[in-house]
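Numbers here simply count residues along the sequence, with the first being 1. Everything numeric in this text was worked out from a predicted model, so none of it was measured.
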Amino acid sequence: MTETKGKFDFAIDRGGTFTDVFARLPDGRERVLKLLSRDPQNYKDAPTEGIRRVLEEETGQVFPRDQPLDTSLIGWIRMGTTVATNALLEREGERTALLVTKGFKDLLHIGTQARPKLFDLEVAVPEVLYEVVIEVDERVVLKQDSCLLPWKDSKRIVTGSTGESLVVWKELALDHVEKDLRGVLSRGITSLAVLLLHSYTWSNHEKAVGALARRLGFIQVSLSSEVMPMVRAVPRGYTVCADAYLTPKIHQYLKGFTAGTLKWSLISPSILSGPAGGVVGYAVTSYSQLEKKPVIGFDMGGTSTDVSRYAGQYEHVFEATTAGVTLQAPQLDINTVAAGGGSRLFFRSGMFVVGPESAGAHPGPACYRKGGPLTVTDANLALGRLLPSFFPKIFGPSENEPLSLEETMKHFHHLTQEINLFLSSNQPQSHNNMLPNSQSEMSVEEVAMGFIRVANEAMCRPIRALTQAKGHDTSHHVLACFGGAGGQHACAIARALGMKTVFIHKYSGVLSAYGLALADVVEEVQEPCSLQYEQHCYSELDRRVEQLSKRCHDAICARGFTSVLVFLVFLHLRYKGTDCALMVTAAAHPSNSQSCLAGDFRGAFTERYMKEFGFTIPDRPIMVDDIRVRGCGKSGIKSVHKSKIGHGQTKPIMVTKCYFEGGYLDTSVYLWEELQCGNSIQGPAIIIDKNSTILVEPCCEACLTAGGDVCMTVSSDPHCTLGTQLNTVQLSIFSHRFMSIAEQMGRVLQRTSISTNIKERLDFSCAVFGPDGGLVSNAPHIPVHLGAMQETVQYQIRSLGDKLKEGDVILSNHPCAGGSHLPDLTVITPVFRKGASSPVFFVASRGHHADIGGITPGSMPPHSTSLQQEGAVFVSFKLVTGGIFQEDAATEALMAPAQYPGCSGTRNLHDNLSDLRAQVAANQRGSQLVGELIDSYGLAVVQAYMGYIQSNADLAVRDMLRDFAHRQQQQTGSLEVESEDFMDDGTPIRLRVQINKEEGSAVFDFTGTGTEVWGNCNAPRAITLSALIYCLRCMVGQDIPLNQGCLTPIKVIIPPGSILQPSQNAAVVGGNVLTSQRVVDVIFRAFEVCAASQGCMNNISFGSESIGYYETVAGGAGAGPGWNGRSGVHSHMTNTRITDPEILEKRYPVILEQFSLRPGSGGTGKYCGGDGVIRKLLFRNKVVLSVLTERRSTRPYGLQGGEDGAAGLNLLHRADGRVLNLGAKTSVSLQPGDMFCLYTPGGGGYGREEDAHRRPQTKRRRLHETFPERGSIFEYRMAQEGV
């Protein structure tokens, strides 16, 4: 599909608000057009209308809207559309049924079991895409040579596409399936998704069901084995449901669009296709093959900003979440953050906040004259950076008025008064060192400028993360800016990131459509594999690559391409025993005698692994999980536009006043279309185009290239002195900077660690602390780590004092030193500065090590009674002294538990030492970044803002406490609340809270709590503080810095010797994972926030001499005022993702017989508690099973008259037929054929039940009301918070 001579060629991006049209005319000229995607008063379909307008204007003929277009004039049409994305967001796809293996009807409802937003008590999860579920009584399991199950009869053995053998455990009975399918058809549902376990490798059962469904009359039948044949049932299930749900809608749309005989090519995936076109657009136009300077794409729209990277190859992700649905499909890695022109502006507790809420297209920003709120667009307008006279008059209720500067300024005056009132009223406060020597009153322009700077910093964070996560230096990139709003921010963002060049294409306002015109047509085919990448497997790999290449070739030829075909082979590779797989191409590594014919994949894999993770594992075999072939039909389209050569400097059309850091400056205004090649424009200046506005900031220079594009040279930031007095704008910026330091530390730790727990499960957090050990910033937000590391750092300051020297690094995990449980090893590095005798900051990282010795593998024994049984202990251990890593001493300490009866030293010393080195490296990076921040601003300023950020959290908590005190006093006349709950052994946890309404402070008194227990449910003080910070953050209800300031207004009283402050040698492993949940229940009960959630993490582990496995399992969430509790989800102090059923059965001697919701286990009420789950594990070999659970005798409480949730139950079904209740905590030896059945607790109900026969539906937030982030950075954060 190349350029067509004498015809009109169209590339169209149909977005949610606007449709962009790029047209190449028969004489070679180019035209662009932008129109509303929905304008039913004028036209039915925007792409058709765009084509019609171009044809009419260029040919002079009339093309009536009510008649099909004359397609003889059209060569081809390429269209990217958000039809599918919008259908996902609005849940307006085809009515769909899901057919799934028996026992797994709720698998996609439970998903990964992690909740999407850590601190939202109403767990708002997008609804599943299917309307009806059919369970099929069929089962296939992978054959294991070591399996000792006593087969009752001979089972059929089959071979899958991966070469693996499988056992047909239960044959498919099509007569039963037919009856169920007819029932679905009778309800008017004609779209079917089929998901059978292990069909990625053996698809016969799925194909048989598919053939039956088509014969019965289903219009759309999607089989998971055909849509995406990759291991992991949950994402494959989401993908096949999306296919069944969306494909009819896309076909319906295309059928309407192609009413005439059009030759069209839908060239990019229907999901997120417009942004993908934008990436292609800047990649083709901004990247120089000669300079090879990598490019960051910056697409700032109305609601959000898309960030991506190109360095000669497109960067893909192969699994991503869109509108709450995880799709297994290759997509360009486009990271979307909720900061766009329409992002709303807030002033909260002394801090400037931008987004994530958006004004949307309606009502839009305040300046749109529809009663909308203040947004980033309004801030640019207030500063003179947008000129209303150059905008069309399409605003106001009748859509015939210009942008309203008056409306914007009215809103800003009101907000400025609110800010100045806050500054003056907080000036004299000193009880918390709040706002000393605060700035004087702010002007409207200073407030608007402040919001612009905060928005810029919010957009810088994902760019830093995208580059530094993969080991790239952000400053070595070009910033390619497009989208309607990006040009106003490009200079400032490039300057903040150290970039020197900004490139803005002449079609930047419609670059997504232009990119679609330039893009290659791509076809991809893939199949799973389970071979090792070794010499003896190369011939089989070559054979399968050849087969896939032929399929790919035939598919592309069928789409009109017969020449200029390019094929790329990808192998999905990982080191054996790890989960960290990389999709690798050997394009830069030609084949040799030691590789397969498609290239040297070993060399490509190890090079990329070293680049991303900082090490390789030379002795470890490399596994091939999938084979993928990508075929490209080259478009051959090139832009031929050339600018006219200028012989003089273009004069500005006007000069306006524009506000910058130093005040108002005269700013020249130019029309882009009048600029000539070679023209140089010194900032400050504004360049205006039909679809965008570019701001050239002071000390920057813009010039027009031969292609008609704008290239800007950005100077370094002119030094502006910042004092130690509070500047509320800088407060927000410093908050982002401190968080960015912690996030970058986390990226280094993940890249350089080696264990599954840290590298792949991301069970770690990193933090920055002040000189007093007070927490400043913490990332990610793992609930049980919140605030806990602060106790550890402060203990070291008290314990070591002057003994801390530069080059020292401390290792600690003891509960008396602020530890949570022993496997969480905390590494602390003091940050010194020249001229300071003591540390000026501290940085620390806490990571969960899979084993550090003790009486059981995994160092999580269910029956420990002393700390020594739980593993190696470190109080104030110098891991690094004078810059030298103390490997011998660390090894000795890690092996020390072997001296205790029944205990072993660490069982994985190599991983322990490697991960400790990674933690040291992460701290070193944090120390370096803190040093750079101090170099930029000075030590006094950085430490001052550290204090202000802590004070901001303090203020937010005080505001919440005052608000609660006001309501409580009105209702009861008292400022005291209390509550009590019990552990399963009867130990009480009691709390009394006394609130000081004037100060906004409170005393949390746990006096009356039960004594230390003989088992391991004792919780160190740090655990209680973490639970308290978690609860405070949930009750505040908005994003606040989670740091030491959260606890400043709180006094915590915990009786020594109690279960919440046990003696030094008490066992604590259960306190971390169980008692922490009960502390949360008690706090929420006192404040009557919501009913109790399951109150347990359901810790299940099993193992033998050769394997070990650990999981935590979801339950029911508590209901609250206005919402039902979510079923089958983790709550409060944990958010761990669960292992996919197919991965579990592939790697361990177990068959998952059932994983579904537990109906009726949630408490009833006006709002019902969520249901727990049922999980049944059938063991194929001898193992030792350990369970560490709670809420087996006490039930999760209901609130305000709601019923309690059901208690949990742990049953063991022996192979001989006996059924045993295992109780809450035990270890037991299992035989082949034994089955463990876990019934997790439900959540409590809220409010009295008004109608016993009606379960009220939870009011779901519509997805477009809450911004759906996406991209690899979002997935990484979700994975971190899912720990």
message = Run the side-chain contact (heavy atoms from CB on, under 4.5 Å) test on I12 and I77 for me, step by step, so that the C-alpha distance in whole Å, both residues' side-chain angles and the decisive distance to 0.1 Å come before the verdict.
response = CA-CA 8 Å; I12 305 169; I77 299 169; 4.1 Å; yes
message = Let's go through F390 and L671 carefully: what are the C-alpha distance in whole Å and the side-chain angles of both, what is the deciding distance for side-chain contact (heavy atoms from CB on, under 4.5 Å) to 0.1 Å, and is it a yes or a no?
response = CA-CA 10 Å; F390 290 91; L671 290 179; 4.0 Å; yes
inquiry  = The test is ring-ring contact (aromatic ring centres under 6.0 Å, His included); show your working for Y514 and H505 and say whether it passes.
reply    = CA-CA 10 Å; Y514 185 57; H505 193 268; 5.0 Å; yes
key: Y670 vs L675, side-chain contact (heavy atoms from CB on, under 4.5 Å): CA-CA, chis, key distance, verdict   = CA-CA 8 Å; Y670 299 85; L675 296 179; 4.0 Å; yes
task = For the pair E674 and K651, evaluate side-chain contact (heavy atoms from CB on, under 4.5 Å) and give the outcome as yes or no after the intermediate values.
result = CA-CA 9 Å; E674 294 183 2; K651 292 183 178 179; over 6 Å; no
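Closest of all the heavy-atom pairs between C658 and R385 is SG-CG, 3.5 Å. Nearest approach of N456 to A492, heavy atoms of both residues: ND2-CB, 3.3 Å. For the pair L383 and E445, the tightest heavy-atom approach, listed with the atom from each and the gap, is CD2-O, 3.5 Å. Across all non-hydrogen atoms, the minimal contact from R495 to C700 is NH2-SG, 3.3 Å. Shortest non-hydrogen contact noted between T19 and A46 is OG1-CB, 3.4 Å. Residues P373 and P363 share a closest heavy-atom pair of CD-CG, 4.4 Å.
Applying the salt bridge (Lys or Arg N to Asp or Glu O under 4.0 Å) rule to R65 yields the partners E49; only residues at least two apart in sequence or on another chain are considered. In terms of the side-chain contact (heavy atoms from CB on, under 4.5 Å) criterion, residue partners of A379 (sequence neighbours excluded) are, by chain and number, L345, F412, A448, I452. Remark: S475 pairs with D473 by the side chain to side chain donor-acceptor pair (under 3.5 Å) rule, at least two apart or across chains. Taking K410 as the reference, E407 meet the salt bridge (Lys or Arg N to Asp or Glu O under 4.0 Å) condition, with sequence neighbours excluded. Applying the salt bridge (Lys or Arg N to Asp or Glu O under 4.0 Å) criterion to E401, with sequence neighbours excluded, gives R369. Partners of K500 according to the salt bridge (Lys or Arg N to Asp or Glu O under 4.0 Å) rule, which considers only residues two or more places apart in sequence or in another chain, do not exist here. When the side-chain contact (heavy atoms from CB on, under 4.5 Å) test is applied to K657, the partners found at least two apart in sequence or on another chain are Y664, D666. Every residue two or more places apart in sequence or in another chain that forms a side-chain contact (heavy atoms from CB on, under 4.5 Å) with A494 is listed here: L479, M499, V502, V714. Taking D27 as the reference, R29 meet the side chain to side chain donor-acceptor pair (under 3.5 Å) condition, with sequence neighbours excluded. For H477, the side chain to side chain donor-acceptor pair (under 3.5 Å) criterion is met by R309, not counting sequence neighbours. Every residue two or more places apart in sequence or in another chain was checked for a side-chain contact (heavy atoms from CB on, under 4.5 Å) with H414, and none qualifies. The side chain to side chain donor-acceptor pair (under 3.5 Å) search around T375 returns D378, not counting sequence neighbours.
The shortest distance between side-chain heavy atoms of Y43 and L35 falls below 4.5 Å. Residues H413 and V444 meet the side-chain proximity criterion, which asks for heavy atoms closer than 4.5 Å. In this structure, R453 and E457 have side chains that are not in contact, with every pair of non-hydrogen atoms separated by 4.5 Å or more. Counting heavy atoms from C-beta on, the side chains of P652 and T667 never come closer than 4.5 Å. Two residues are said to be in side-chain contact when any heavy atoms from C-beta on lie closer than 4.5 Å; I687 and V696 meet this criterion. By the 4.5 Å heavy-atom criterion applied to side chains, V21 and K34 are not counted as neighbours. The shortest side-chain heavy-atom distance between L415 and F347 falls under the 4.5 Å cut-off. A heavy-atom distance below 4.5 Å is not found between the side chains of R53 and F63.
The structure places CG of L511 at 10.0 Å from NZ of K506, a figure rounded to the nearest 0.5 Å. One distance of note links OG of S508 with CG of D689; it measures 6.5 Å at 0.5 Å rounding. Summarising the geometry, atom NE2 belonging to H411 is positioned 5.5 Å from atom CG belonging to L374; distances are rounded to the nearest 0.5 Å. Interatomic distance, CG of N380 versus CG of L387, reported as 11.0 Å (0.5 Å rounding). If you take CZ on F352 and CE on M449, they are separated by 12.0 Å, rounding to the nearest 0.5 Å. Atom CD1 of I653 is separated from atom CD1 of I688 by 6.0 Å, given to the nearest 0.5 angstrom.
A donor-acceptor contact shorter than 3.5 Å links the side chain of T377 to the backbone of G341. Side chain of D20 to backbone of D13: no donor-acceptor contact under 3.5 angstrom is found. Under a 3.5 Å cut-off, the side chain of W672 and the backbone N or O of G708 do form a donor-acceptor pair. Using a distance-only test at 3.5 Å, with no hydrogens or angles considered, a donor-acceptor pair links the side chain of K7 to the main chain of S72. Between the side chain of T59 and the backbone N or O of L55, at least one donor-acceptor pair lies under 3.5 Å. Panel note: side chain S308, backbone D333; no donor-acceptor pair is recorded below 3.5 Å.
Between R24 and E30, at least one side-chain N (NZ, or NE/NH1/NH2) sits under 4.0 Å from a carboxylate O, which counts as a salt bridge.
The aromatic rings of F10 and F8 sit parallel to each other, their planes meeting at less than 30°, with 60° as the upper class boundary. Aromatic ring orientation, Y282 versus F482: tilted (interplanar angle from 30° to 60°).
With 3.5 Å as the limit, one finds a donor-acceptor pair spanning the side chains of S680 and E701.
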